[in-house]
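Below you'll find the structure, written out as structure tokens, and then a few comments.
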Amino acid sequence: MIKAIVGANWGDEGKGKLTDVFANESDIIVRFQGGNNAGHTIINDQGKFALKMLPSGVFYEHTTNVIGNGVALNIPALMKELKELEDRGVKPKIVVSDRAQIVMSYHKLFDELEETRLADAKFGSTKSGIAPFYSDKFAKIGFQVAELFNEKWLESKVERILDIKNTLLVNLYGHEPLDKNSILNELIEYRNTIEPFVIDTFTYLNDMHSQGKNILFEGQLGALRDPDFGIYPYSTSSSTLAHYATVGAGLPHKIDEVWAVTKAYSSCVGEGAFVSEIFDEEAEELRRRGGDAGEYGVNTGRPRRVGYFDAVATKYGCKVQGATHVALTNIDVLSYLDEIKVVVAYEYNGEVSTRFGNITELESAKPIIKSFKGWNVDITQISTYEDLPEKCIAYIEELERLIDTRIAIVSNGPNRKQIMYR
Ligand code: GDP
């Protein structure tokens, strides 16, 4: 059985919590894209954790956690995270694809220099080196883990790469050039560190799948940050879509269940069109009520932009994810509202539509809003869907109609146990 957990929106939907819950019934959890540029928050019996590089299945002894070939592998960040877990008594089983590529220190440098150069026209990069990393991967000047084990090969490749990097560093950014030996040393250090974890994950995953193991793909960010189907260029640099996992994990088989995660309201870290956005006191209050979920990005500490639930964006997000099920999170956060607003359509130059337009259309799209009655009671202790207040059930079922995808799980708090199945 293969399942995927992915975001229906801009990220931070609560995928980490759901992965942690699903990992209980999974043998293998695989990260298939992205890097340490976004975080997942997990709260369970062992405490509260923020994971960036590691799959969210690390808290169960029975799981193997895979960093797939599609991931931007930041080795120091991975080691730091592992050490933090081990210090708190968590000793996960981790394997890393020999085909994963490596985030170099100069990727982060280029990311920072470029955001500074762009100034006000910036894309809102997390400055973790992700865009320069993926640019190099597809320009064929990246380093695969497997290449680390051939020093001669590395030496001539570093020379070729530095010709390009140093031309840009010196002439475009006015920065001092990189030194060949220090880059070679960086690579050798990475090799020594990562060696115990490296396997051919393609063969491993395909063997495990043939043996009937339960495999879980864990996505980072959300559908609207996908480079093809998201709000490009305010997108990330690797595909955030469930079906990319068959490539980014290296398991070309049908995904049996695609779970798209969405919040009961909207939040968005970074730049780009965000039609349902709210401002001032209304936004402050929602951010405050959202607590950890509402305030700041796990990785960047940037305040999240917030808005009403956006049925146009979420329906689209579920469709591009090929979602078979939806998990609706953070429903508890809305309990303070007398009236709950939802964006049900967009207006594009006078034309009302439920179509999620392209990026130039979205820039000027206006939200069409519908109001629902709030339930006004604390629901965080409820464990059965039918016990939710009637108005809350009505809200959830209306969202389900609007997004045209089955809401099969409702999450009413950050803890592993605050979850209801429909
Ligand atoms: P991810 O990147 O999709 O895993 O999302 P994040 O972990 O960045 O953000 C989701 C936040 O919401 C985290 O702080 C979670 O602990 C929190 N969270 C998840 N589900 C719920 C929920 O149902 N209710 C509340 N109040 N918080 C939740």
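Start at 1 and go down the list; that is how both ligands and their atoms are numbered. Keep in mind that the numbers below use all heavy atoms, side chains included, and drop hydrogens, waters and symmetry copies.
- Considering backbone and side-chain atoms together, Lys263 places no N or O closer than 3.5 Å to any N or O of ligand 1.
- Checking side-chain atoms of His40 against main-chain N and O of Phe49 turns up no donor-acceptor pair under 3.5 Å.
- Considering backbone and side-chain atoms alike, Gly16 places an N or O below 3.5 Å from some N or O of ligand 1.
- The option from Lys15, Arg416, Lys17 that lies nearest to atom 3 (O) of ligand 1, judged by heavy atoms, is Lys15.
- When the options Ile42, Leu18, Asn330, Ile5 are ranked by their closest heavy atom to atom 25 (C) of ligand 1, first place goes to Asn330.
- Between Gly14 and ligand 1, at least one pair of N/O atoms sits closer than 3.5 Å.
- Listed by number with element, the atoms of ligand 1 under 4.0 Å from a non-hydrogen atom of Ser411 are 20 (N), 21 (C), 22 (C), 23 (O).
- For Arg99 and Phe202, the positive end is not near the middle of the six-membered ring at less than 6.0 Å and at most 45° from its axis.
- Set against the non-hydrogen atoms of Val333, the atoms of ligand 1 under 4.0 Å away are 26 (N).
- With Thr405 as the partner, the side-chain contact (heavy atoms from CB on, under 4.5 Å) test is satisfied by one option alone out of Lys315, His325, Lys319, Glu400: Lys319.
- Counting heavy atoms under 4.0 Å from ligand 1, residue Asp332 touches it through the side chain alone.
- Counting heavy atoms closer than 4.0 Å to ligand 1, residue Thr19 contributes nothing at all.
- The 12-atom threshold is not exceeded at NZ of Lys391, counting heavy atoms of other residues, nucleotides or ligands nearer than 6.0 Å.
- Nearest heavy atoms, Asn206 versus Gly250: ND2-O, 3.0 Å.
- A side-chain N or O of Glu114 and one of Tyr173 form a donor-acceptor pair less than 3.5 Å apart.
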(request) Please report the C-alpha distance between Lys83 and Glu86 in whole Å, then the side-chain angles of each, then the deciding distance to 0.1 Å, and finally whether the salt bridge (charged side-chain N to carboxylate O under 4.0 Å, His left out) criterion is met. (result) CA-CA 5 Å; Lys83 167 95 178 45; Glu86 279 170 8; over 6 Å; no
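- The side-chain contact (heavy atoms from CB on, under 4.5 Å) test with Ser411 singles out one residue from Val261, Thr329, Val21, Leu18, and that residue is Thr329.
- At least one heavy atom of Arg304 sits less than 4.0 Å from an atom of ligand 1.
- Polar contact check, Gly413 against ligand 1: a nitrogen or oxygen pair lies under 3.5 Å apart.
- The closest heavy-atom contact to atom 2 (O) of ligand 1, among the options His40, Met420, Lys48, comes from His40.
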